[in-house]
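Working notes, structure below.
Quick caveat: nothing in here was measured; it's all calculated off a predicted structure. Count residues from 1 along the sequence.
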Amino acid sequence: MKVHGFVEDLRPLYAQASVVAVPLEVSAGTNIKVLEAMACGKAIVTTPAGCNGLALVEGRDALIRRDWASFADAVTAVLSDSGLRSRIAHHARRTAEQRFSWAAIQEGAYQSYLEVTGKRCR
């Protein structure tokens, strides 16, 4: 499937995807595409740059490959092994919920505000 131009809602495209490949050689800022794929419960194959700063666990949250041959092999493995695909997708979604959801973020922010103000944590 080819998509050109701005896409209003990516969820239907993620729903159709078997794997999300993120072959970035360099990255700056937050890797939103990886977070979106995780939230959608998709198996991800990426480079270290593609998931930089997210502290993902290789082989659990995503398949993280440094060279192009192993990247291609990982994409092939995820496409051909439904168990691997399901396992990676499940852990990616769970990590997104536990570490990157609004609930997780707000709790961390709340605790940091309490520390800054010198108030006791609940």
key: I64-V78 co-clustered via ILVMFWY side chain contacts under 4.5 Å   = no
ask   = Distance-only, no hydrogens or angles: does the S86 side chain make a donor-acceptor pair with backbone N or O of S82 under 3.5 Å?
value = no
request  = Consider only side-chain N and O atoms of Q111 and E107, and report whether a donor and an acceptor are under 3.5 Å apart.
outcome  = yes
task = Kindly give the heavy-atom pair with the smallest separation between A96 and A39, and that separation in Å.
result = CB-N, 4.0 Å
task = Could you list all the salt bridge (charged side-chain N to carboxylate O under 4.0 Å, His left out) pairs where at least one residue sits in residues 58-67, not counting sequence neighbours?
result = E58-R65
Min side-chain heavy-atom separation L84-L63 under 4.5 Å = yes
message = I need the I44 CD1 to H91 NE2 distance, nearest 0.5 Å.
response = 13.0 Å
side-chain contact (heavy atoms from CB on, under 4.5 Å) partner of V22, chosen from V45, V34, T47, N31 = V34
message = Same cluster or not: V75 versus L24, using hydrophobic residues (I, L, V, M, F, W, Y) connected whenever any side-chain heavy atoms lie under 4.5 Å apart?
response = no
request  = Spell out, as yes or no, whether a donor-acceptor pair under 3.5 Å connects the side chain of T95 to the backbone of A92.
outcome  = no
Main-chain N/O of A109 paired with S112 side-chain donor or acceptor, under 3.5 Å = yes
message = When you group the ILVMFWY residues by side-chain heavy-atom contacts below 4.5 Å and let the links chain together, are I105 and L114 in the same group?
response = no
ask   = If you look at every heavy atom in G41 and A89, which pair is closest and at what distance?
value = O-CB, 3.1 Å
message = Would a single hydrophobic cluster contain both V19 and I88, if residues Ile, Leu, Val, Met, Phe, Trp and Tyr are joined by side-chain heavy-atom contacts under 4.5 Å?
response = yes
message = Given 3.5 Å as the limit, does a donor-acceptor pair link the side chain of K42 with the main chain of Y14, or not?
response = yes
ask   = Would a 4.5 Å heavy-atom cut-off, applied to side chains only, mark W68 and E25 as touching?
value = yes
ask   = Transitively linked via ILVMFWY side-chain contacts under 4.5 Å: F100 with L10?
value = yes
key: Nearest-0.5 Å distance, CG of residue L56 to CG of residue L35   = 8.0 Å
remark   = R85 meets the side chain to side chain donor-acceptor pair (under 3.5 Å) criterion, sequence neighbours left out, with none
remark   = CD (Q106) and OG (S101) are apart, to the nearest 0.5 Å, by 8.5 Å
